[in-house]
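Only one structure is covered here, and it is reproduced in the block below.
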Amino acid sequence: MKNYIVYSTLAFIIFQAFGIQAQDKQQMPPKATEVWEPVPVKINPGETNADPPSDAIVLFDGNDMNMWESMKDGGFPKWKVENGAFTVVKGTGGIRTKQGFGDMQLHVEWSAPDEIVGEGQGRGNSGIFLMGLYEVQVLDSYESKTYSNGQAASIYKQSIPLVNAMRGPEEWQTYDIIFKAPRFDKNGMLTSPATVTVLHNGVVVQNHYTIKGPTEYIGLPKYKAHEDKLPITLQDHGNPVSFRNIWVREL
Ligand code: MG
């Protein structure tokens, strides 16, 4: 008897819900669900997916490093600009954008040294630190073994890429990164963690991954409140990794 009451009550609720929905549809003209404002801003996407769209901030177009500064002394970066690319000069330290960025779409092309030197984490290592804190690994892991959560396109020591989409060291790699910055309340408590999607050479390798906190070499990551926008940094890991065609769109 008890069951009968439960089931008949359930059936009644379901019937009511469907009934209301059907009624809504009948009363609602198609126009009621059309949204006309705002109209998305028209931009020029460029000839190919690698070209900076018209609303991008170009961080490096092959000519100079005016958008960057040295992390060592805040001065002009001592990395080498040559043939439309800039290359890490060992020992000169990492570099950072002069401007800060939070939510963003970031396009970066990079190339590991043509001459293969070293193994694992010592082969073509650099890194793209979103907000200077969250590393998308740059590494020659084309044919080189290392820990999976430390290979190219990993979120370093947090997330293994879905596949290894590496091209050989003599070729250019592309990263297209979609990043949502973490949010903190006024007391510095985390209200939403950062998320990141990464396409490596056009292949999705990080699918809306929820970042656990700032990248740590030792120990576990833990969020600490920070600014809404912070510089993007590139790592000097002692290997002559090159970069070109870098642009960012604020989201
Ligand atoms: Mg690195």
pair [X]-[Y]: side-chain heavy atoms closer than 4.5 Å:
| X | Y | result |
| --- | --- | --- |
| Val196 | Ile178 | no |
| Pro169 | Asp140 | yes |
| Pro52 | Val58 | yes |
| Met166 | Gln151 | no |
| Asn149 | Gln158 | no |
| Ile232 | Arg96 | no |
| Tyr223 | Pro193 | yes |
| Phe129 | Thr215 | yes |

Compute the centroid of each ring, for Tyr175 and then for His200, and state whether the two points are separated by less than 6.0 Å. yes

What I want to check is whether the side chains of [X] and [Y] have a donor and an acceptor closer together than 3.5 Å.
| X | Y | value |
| --- | --- | --- |
| Gln105 | His107 | no |
| Trp79 | Thr92 | yes |
| Gln121 | Gln137 | yes |
| Asn239 | Arg123 | no |
| Gln173 | Ser111 | no |

For [X] against [Y], the heavy-atom pair lying closest together:
| X | Y | answer |
| --- | --- | --- |
| Pro182 | Phe184 | CG-CE1, 3.8 Å |
| Ser148 | Ser154 | O-CB, 4.0 Å |
| Pro221 | Pro214 | CB-O, 3.3 Å |

So, [X] side chain and [Y] main chain: donor-acceptor pair closer than 3.5 Å or not?
| X | Y | value |
| --- | --- | --- |
| Ser126 | Gln235 | yes |
| Gln206 | Ala153 | yes |
| Ser70 | Pro77 | no |
| Thr195 | Thr210 | no |
| Ser54 | Ile43 | no |
| Asn245 | Ala50 | yes |
| Asp236 | Gly238 | yes |
| Asn125 | Gly122 | no |

[atom1] ([X]) with more than 12 external heavy atoms under 6.0 Å:
| X | atom1 | value |
| --- | --- | --- |
| Asp228 | CG | no |
| Glu34 | CD | yes |
| Asp114 | CG | yes |

May I ask you to establish whether Arg244 and Trp172 are in a cation-pi arrangement, using a distance under 6.0 Å from NZ or CZ to the six-membered ring centre and at most 45° from the ring axis? yes

Does Tyr147 have Lys157 sitting over its ring (NZ/CZ under 6.0 Å from centre, angle to axis within 45°)? yes

Measure the CD-CD distance between Glu135 and Glu216 for me, rounded to the nearest 0.5 Å. 11.5 Å

Spacing of CG belonging to Asn66 relative to CZ belonging to Phe60, to within rounding of 0.5 Å: 10.5 Å

side-chain contact (heavy atoms from CB on, under 4.5 Å) between Leu59 and Phe243, worked out: CA-CA 11 Å; Leu59 296 174; Phe243 295 87; over 6 Å; no

Should [X] and [Y] be regarded as members of a common hydrophobic cluster, given that ILVMFWY residues are connected when their side-chain heavy atoms come within less than 4.5 Å of each other, either directly or indirectly?
| X | Y | answer |
| --- | --- | --- |
| Ile116 | Val138 | no |
| Met65 | Ile246 | yes |
| Ile128 | Val203 | yes |
| Val248 | Val198 | yes |
| Leu162 | Ile155 | no |

Using a strict threshold of under 4.0 Å (side-chain N to carboxylate O), is an ion pair present between [Y] and [X]?
| X | Y | answer |
| --- | --- | --- |
| Lys78 | Asp73 | yes |
| Arg249 | Asp55 | yes |
| Lys229 | Glu250 | yes |
| Arg183 | Asp103 | yes |
| Lys98 | Glu69 | no |

Audit row: Tyr156, Tyr217, side-chain contact (heavy atoms from CB on, under 4.5 Å) steps and yes/no: CA-CA 8 Å; Tyr156 185 73; Tyr217 177 54; 3.4 Å; yes

Which is it for Val108 and Trp247 under the side-chain contact (heavy atoms from CB on, under 4.5 Å) test, yes or no, and what are the steps along the way? CA-CA 7 Å; Val108 178; Trp247 50 262; over 6 Å; no

Could you label the plane-to-plane angle of the Phe86 and Trp68 rings as parallel, tilted or perpendicular, counting under 30° as parallel and over 60° as perpendicular? perpendicular

Where do Thr87 and Glu82 land on the side chain to side chain donor-acceptor pair (under 3.5 Å) test, with the steps shown first? CA-CA 8 Å; Thr87 302; Glu82 208 174 45; over 6 Å; no

Yes or no on side-chain contact (heavy atoms from CB on, under 4.5 Å) for Thr197 and Phe179, after CA distance, side-chain angles and deciding distance? CA-CA 7 Å; Thr197 293; Phe179 175 74; over 6 Å; no

